Amino acid sequence: MKAMVLNGVCNLDQNRNPLIMIAFPDPVPGEKEIVLKVLTCGVCHTELDEIEGRTPPPFFPVVLGHQVVGEVVEKGPGADKFMVGERVGVGWIFWSCGKCGPCLEGNENLCSEFKATGRDANGGYAEYISVPEDFAFPIPDAFSASEAAPLLCAGAIGYRSLRLTGLKNGQNLGLTGFGASGHLVLQMVKKKFPDSKVFVFARSEKERQFARELGAVWAGNTEDEAPEKLHSIIDTTPAWKPIVEALKNLESGGRLVINAIRKESRDQEYLLKLDYPMHLWLEKEIKSVANVARRDISEFLDLAAEIPLKPEYQEFKLEEANIALMELKERKIRGAKVLKIAAE
Ligand SMILES: [Zn+2]
Ligand SMILES: [Zn+2]
């Protein structure tokens with residue numbers, strides 16, 4: 001099969017083509033695994049973290065990509081959950097042990113043996129992928145494969161982030177960063193918490209404009225002060241400045257949820273501007289989101305179909321993966337980027 005693979009971590013400022021197209025062995029399904037013919041695979045900021053070594057894959061060459069929509073074409077021994085021809089999706093969670101405390105509590109994203117799709121196992125930047133059937137999810141008919149792909153990461157993590165904010169209807173929510181996840185969270189909030197107001201902080205006027213179009217009551221720059229205090233804020237940026245600046249907008253007892261697998265170190269010194277009375281005093285909290293458990297993906301897909309949530313996306317060919325990644329790196333973002341690998 002054809003696959004775009006990464007042969008080692010590298011610096012994207014020096015190498016704009018980190019992935020190369022090669023002929024890769026077709027996957028063979030193991031016990032309770034299914035092989036998917038990949039229809040689409042979303043392009044995520046986490047791929048940049050893998051390529052640049054902030055969360056490096058343990059083996060090379062590796063196929064990246066963890067927002068995979070595919071059609072079941074083959075089943076391994078004991079795989080009986082899906083039928084050949086069924087359309088399923090796979091997110092960041094590829095496998096967990098199923099036996100430890102977090103796994104038994106439904107927080108298998110916190111399992112110490114957790115394996116990530118497209119990092120610890122080959123992902124979706126390829127024509128085929130083999131996945132454990134227990135970590136694949138039926139894709140609602142409401143979505144095309146290109147619409148569904150960004151839902152599997154940006155959407156599902158957005159859902160967990162929103163869950164972890166503890167927001168109640170009527171309370172104000174802030175979003176700092178307005179990319180693939182932010183624009184989906186805004187639409188979820190409007191459905192789940194119709195009386196809540198959403199305030200968006202984003203660096204580019206284009207993103208702020210997009211936020212207003214989607215119903216944000218206010219959109220300002222990263223360091224601006226929102227016109228009202230916020231009960232909770234979700235951060236989806238790769239930087240530190242947005243966190244420090246967002247904290248001053250939190251209400252007492254408010255919570256900032258960081259939705260990022262890794263932060264870049266570029267502006268880490270900005271943390272020295274953290275001012276205890278202004279940013280943290282009065283029981284403000286900071287919490288990270290460690291991606292998703294299975295319930296986040298399945299609950300979110302149901303909610304997304306019910307809304308119905310239509311992610312904005314831009315399609316690229318498999319061989320254009322490097323272009324999509326560099327655009328993401330350079331923040332040329334409007335909605336989500338999706339590799340369209342096979343026709344539905
Ligand atoms: Zn992702
Ligand atoms: Zn476990």
Side-chain angles (χ1 to χ4, degrees), residues 6 19 38 40-52 54-57 62-69 89-125 129 131-132 134-135 137 146-162 177-185 234-238 257-264 288-297 300-301 304 311 313-314 316 321 324-325 327-329 331 333 335-339:
L6 178 70
L19 307 186
V38 181
T40 55
C41 183
V43 177
C44 179
H45 203 274
T46 302
E47 270 96 80
L48 302 177
D49 294 324
E50 292 163 345
I51 294 167
E52 297 192 301
R54 286 178 293 276
T55 178
V62 61
V63 181
L64 308 183
H66 57 265
Q67 310 173 70
V68 191
V69 178
V90 185
W92 175 249
I93 184 161
F94 184 85
W95 182 86
S96 75
C97 83
K99 296 175 195 138
C100 68
C103 276
L104 294 173
E105 283 166 10
N107 288 319
E108 60 271 19
N109 57 323
L110 306 181
C111 175
S112 61
E113 292 179 55
F114 174 94
K115 283 190 172 56
T117 313
R119 185 190 65 186
D120 308 316
N122 285 318
Y125 284 24
I129 180 176
V131 298
D134 286 340
F135 294 84
F137 307 87
S146 291
E147 288 169 336
L151 298 178
L152 289 163
C153 182
I157 300 175
Y159 180 83
R160 186 174 179 91
S161 307
L162 186 57
F178 200 68
S181 183
H183 88 285
L184 297 176
V185 169
I234 299 172
D235 163 62
T236 52
T237 70
V257 172
I258 303 177
N259 169 358
I261 291 182
R262 290 294 182 271
K263 286 282 189 188
E264 293 175 5
S288 67
V289 182
N291 222 275
V292 287
R294 283 179 285 185
R295 77 169 258 214
D296 298 303
I297 299 184
F300 168 68
L301 285 174
Y313 64 87
Q314 193 190 353
F316 294 81
L325 287 165
E327 286 191 8
L328 203 60
K329 171 89 181 164
R331 312 237 160 84
I333 299 166
K337 299 182 192 299
V338 171
L339 304 180

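Remember, predicted model here, so these are calculated numbers, not experimental data. As the structure lists them, so they are numbered: ligands from 1, and atoms in each ligand from 1.
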Taking the six-membered ring for Trp, are His66 and Trp92 parallel (under 30°), tilted (30 to 60°) or perpendicular (over 60°)?
perpendicular
Could you tell me whether the side chain of Val185 reaches within less than 4.5 Å of the side chain of Ser161, counting heavy atoms only?
no
Could you walk me through whether Ile93 and Ile297 satisfy the side chain to side chain contact (heavy atoms under 4.5 Å, CB included) test, starting with their C-alpha distance in whole Å, then the side-chain angles of each, then the deciding distance to 0.1 Å, before giving a yes or no?
CA-CA 10 Å; Ile93 184 161; Ile297 299 184; 4.2 Å; yes
Any side-chain heavy-atom pair from Ile258 and Lys263 closer than 4.5 angstrom?
yes
Distance in Å, Leu48 CG paired with Thr55 OG1, rounded so as to fall on 0.5 Å steps
12.5 Å
Given Thr40, which of Val69, Leu339, Leu152 fulfils the side-chain contact (heavy atoms from CB on, under 4.5 Å) condition?
Val69
Residues pairing under salt bridge (charged side-chain N to carboxylate O under 4.0 Å, His left out) where one sits in residues 110-122, two or more places apart or in two chains, turn out to be none
Decide yes or no on side chain to side chain contact (heavy atoms under 4.5 Å, CB included) for Asn291 and Ile157, but give the supporting numbers first.
CA-CA 6 Å; Asn291 222 275; Ile157 300 175; 3.1 Å; yes
Which count of protein N, O or S atoms is obtained for distances strictly below 2.8 Å from the Zn ion (ligand 2)?
4
Near the Zn ion (ligand 1), protein N/O/S count under 2.8 Å comes to 3
Salt bridge (Lys or Arg N to Asp or Glu O under 4.0 Å) with Glu52: which residues, sequence neighbours excluded?
Arg54, Lys329
